[in-house]
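Take a look at the structure below.
Heavy atoms only: backbone and side chains are in, while hydrogens, waters and symmetry mates are out.
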Amino acid sequence: MDREEQNRKAWNSGTYAAWLERFGTPQEAAEKIAQDPNKRIGSVLAEMGEPLTGKRIVNLLGSNGNKAVALALLGAEVTVIDFSEGNERYARELALSAQVPLRYVQADVLDLPEAEFAAPYDIVFMEFGILHYFTDLEPLFRTVRQLLTKGGILILQDFHPVSTKLISSRGTTAAIRKHKVTGDYFDETLEVKEAAFTKFLPDSEKQGEVPTVKLRNWTLGEIVTGAAQEGLFIRKLEELPNQSSDIYDKGIPKTFTLIAENR
């Protein structure tokens with residue numbers, strides 16, 4: 001089984017049950033998001049330019065729709081593109097419970113129907129754990145550029161390569177947290193891992209083989225270069241520490257935010 005087919009199969013194996021376990025029913029999740037949709041989006045909300053009313057945003061590989069529904073509650077016209085049937089089911093039920101419109105396209109982002117490029121978006125939003133599913137970044141960023149209107153922006157948040165490629169961490173509290181340089185930052189080989197959603201699967205769903213995916217972890221230079229080579233103008237690259245604690249993982253970049261414009 002090739003990489004793409006393995007990843008697709010994994011993400012169509014129990015995702016809906018995992019999100020029920022993680023977030024509760026769509027109705028329960030919608031109520032929580034509605035209490036503070038700004039918080040659900042986080043710091044990148046400022047990069048989107050308020051108000052969001054009327055802005056067209058596409059959330060590439062937007063998974064279960066949590067971020068998309070929050071954006072819709074803030075007034076944006078939101079589309080999710082993702083290839084998981086379980087993700088789509090949860091997202092649609094979530095949007096229905098939140099009483100907001102949500103367009104969901106179940107498709108491979110590298111093989112979109114031409115109609116998807118007919119009405120360009122103001123913002124392409126990609127966040128956390130997306131890039132490693134691609135073995136070539138140029139087609140992805142080419143799709144991003146094609147989806148954007150002139151002057152539109154890509155907002156990409158992801159885990160920092162120093163933390164995903166170079167450093168291994170052990171210990172669940174700041175006091176005992178230990179870090180070691182165990183990886184090869186320039187390693188280009190694919191890594192087989194359990195699909196991220198599987199840690200939320202209820203015991204009743206943990207039968208048989210655990211779904212695995214093949215991932216390619218990229219360096220920061222490869223990511224920035226990939227976007228620039230496809231004609232996206234880099235406006236901002238921000239490297240961030242652990243956002244949930246001032247002392248936990250102190251001194252180590254944990255995430256990054258890339259803002260790029262289609263000029």
Side-chain angles (χ1 to χ4, degrees), residues 1-22 59-64 66 80-90 106-111 126-141 143-144 156-172 177-227 242 249 252-256 258:
M1 186 186 304
D2 65 20
R3 176 202 57 83
E4 182 179 339
E5 182 58 30
Q6 180 172 342
N7 291 348
R8 186 191 302 273
K9 181 180 178 181
W11 277 93
N12 280 282
S13 304
T15 47
Y16 184 81
W19 303 139
L20 287 176
E21 188 76 7
R22 172 67 177 86
N59 188 190
L60 287 189
L61 276 78
S63 189
N64 50 58
N66 268 258
V80 174
I81 300 176
D82 192 286
F83 63 13
S84 169
E85 181 180 353
N87 284 349
E88 179 179 5
R89 179 185 172 189
Y90 193 92
Q106 190 184 143
D108 182 342
V109 300
L110 298 184
D111 190 25
M126 301 166 62
E127 46 90 30
F128 296 121
I130 292 177
L131 298 182
H132 57 204
Y133 284 101
F134 297 88
T135 54
D136 187 352
L137 292 180
E138 290 184 14
L140 173 62
F141 287 124
T143 297
V144 168
L156 167 65
Q157 290 182 304
D158 215 329
F159 303 109
H160 199 289
V162 165
S163 292
T164 58
K165 290 177 69 67
L166 190 62
I167 294 176
S168 296
S169 303
R170 291 189 176 184
T172 55
R177 188 74 161 172
K178 301 295 182 183
H179 307 282
K180 288 186 177 181
V181 176
T182 57
D184 178 353
Y185 189 74
F186 301 101
D187 186 10
E188 299 180 1
T189 59
L190 296 180
E191 184 177 4
V192 178
K193 283 191 171 183
E194 292 183 7
F197 70 88
T198 58
K199 60 179 173 289
F200 303 120
L201 282 172
D203 291 338
S204 60
E205 295 285 334
K206 294 179 180 178
Q207 299 177 7
E209 186 177 350
V210 177
T212 60
V213 291
K214 290 183 178 179
L215 307 177
R216 163 67 155 91
N217 289 313
W218 299 91
T219 69
L220 196 56
E222 289 171 328
I223 295 165
V224 173
T225 300
N242 190 323
D249 295 333
I252 298 173
K254 301 297 289 184
T255 65
F256 71 90
L258 177 69

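Between atom CD of residue Glu188 and atom CH2 of residue Trp218 there is a gap of 7.5 Å, rounded to the nearest 0.5 Å. Remark: Leu190 CG to Leu215 CG distance equals 8.0 Å, nearest 0.5 Å. Here the CD1 atom belonging to Ile223 is positioned 7.0 Å from the CZ atom belonging to Phe141, to the nearest 0.5 angstrom. Here OG1 of Thr255 is found 8.5 Å from CG of Asn242. Values are rounded to the nearest 0.5 Å.
Looking only at side-chain heavy atoms (C-beta outward), Lys214 and Glu191 stay at 4.5 Å or farther from each other. Counting heavy atoms from C-beta outward, His179 and Ile252 have side chains that approach closer than 4.5 Å. Here the side chains of Pro161 and Leu166 are not in contact, with every heavy-atom distance at 4.5 Å or above. Side-chain atoms of Ser63 and Trp19, non-hydrogen and from C-beta on, do get closer than 4.5 Å to each other. Looking at Leu131 and Leu137, their side chains come closer than 4.5 Å, going by heavy atoms from C-beta outward. Taking the side chain as every heavy atom from C-beta outward, Tyr185 and Leu220 approach each other to under 4.5 Å. Counting heavy atoms from C-beta on, the side chains of Val144 and Met126 come closer than 4.5 Å. In this structure, the side chains of Leu61 and Phe134 come closer than 4.5 Å at one or more pairs of heavy atoms.
The main-chain N or O of Asn217 is found under 3.5 Å from a side-chain atom of Lys165 such that the two form a donor-acceptor pair. Not one N or O on the side chain of Thr198 forms a donor-acceptor pair closer than 3.5 Å with the backbone of Glu194.
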Quick one: do Asp158 and Leu258 satisfy side chain to side chain contact (heavy atoms under 4.5 Å, CB included)? Show the steps, please. CA-CA 9 Å; Asp158 215 329; Leu258 177 69; over 6 Å; no
Verdict with reasoning, Ile167 to Val162, per side chain to side chain contact (heavy atoms under 4.5 Å, CB included): CA-CA 6 Å; Ile167 294 176; Val162 165; 3.7 Å; yes
Is there a side chain to side chain contact (heavy atoms under 4.5 Å, CB included) between Asp136 and Leu110? Walk through the geometry before answering. CA-CA 11 Å; Asp136 187 352; Leu110 298 184; over 6 Å; no
Could you walk me through whether Asn59 and Ile81 pass the side chain to side chain contact (heavy atoms under 4.5 Å, CB included) check? CA-CA 6 Å; Asn59 188 190; Ile81 300 176; over 6 Å; no
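Between Glu222 and Arg216 a salt bridge is recorded (basic side-chain N to carboxylate O distance below 4.0 Å).
Between Tyr90 and Asn66 the shortest heavy-atom distance is CE2-ND2, 4.4 Å. For Pro253 against Ser163, the heavy-atom pair with the smallest separation is O-OG, 2.8 Å.
Side-chain atoms of Asn87 and Asp82 include a donor-acceptor pair closer than 3.5 Å.
The aromatic rings of Phe256 and His160 lie perpendicular to each other, with more than 60° between the two planes, well past the 30° mark.
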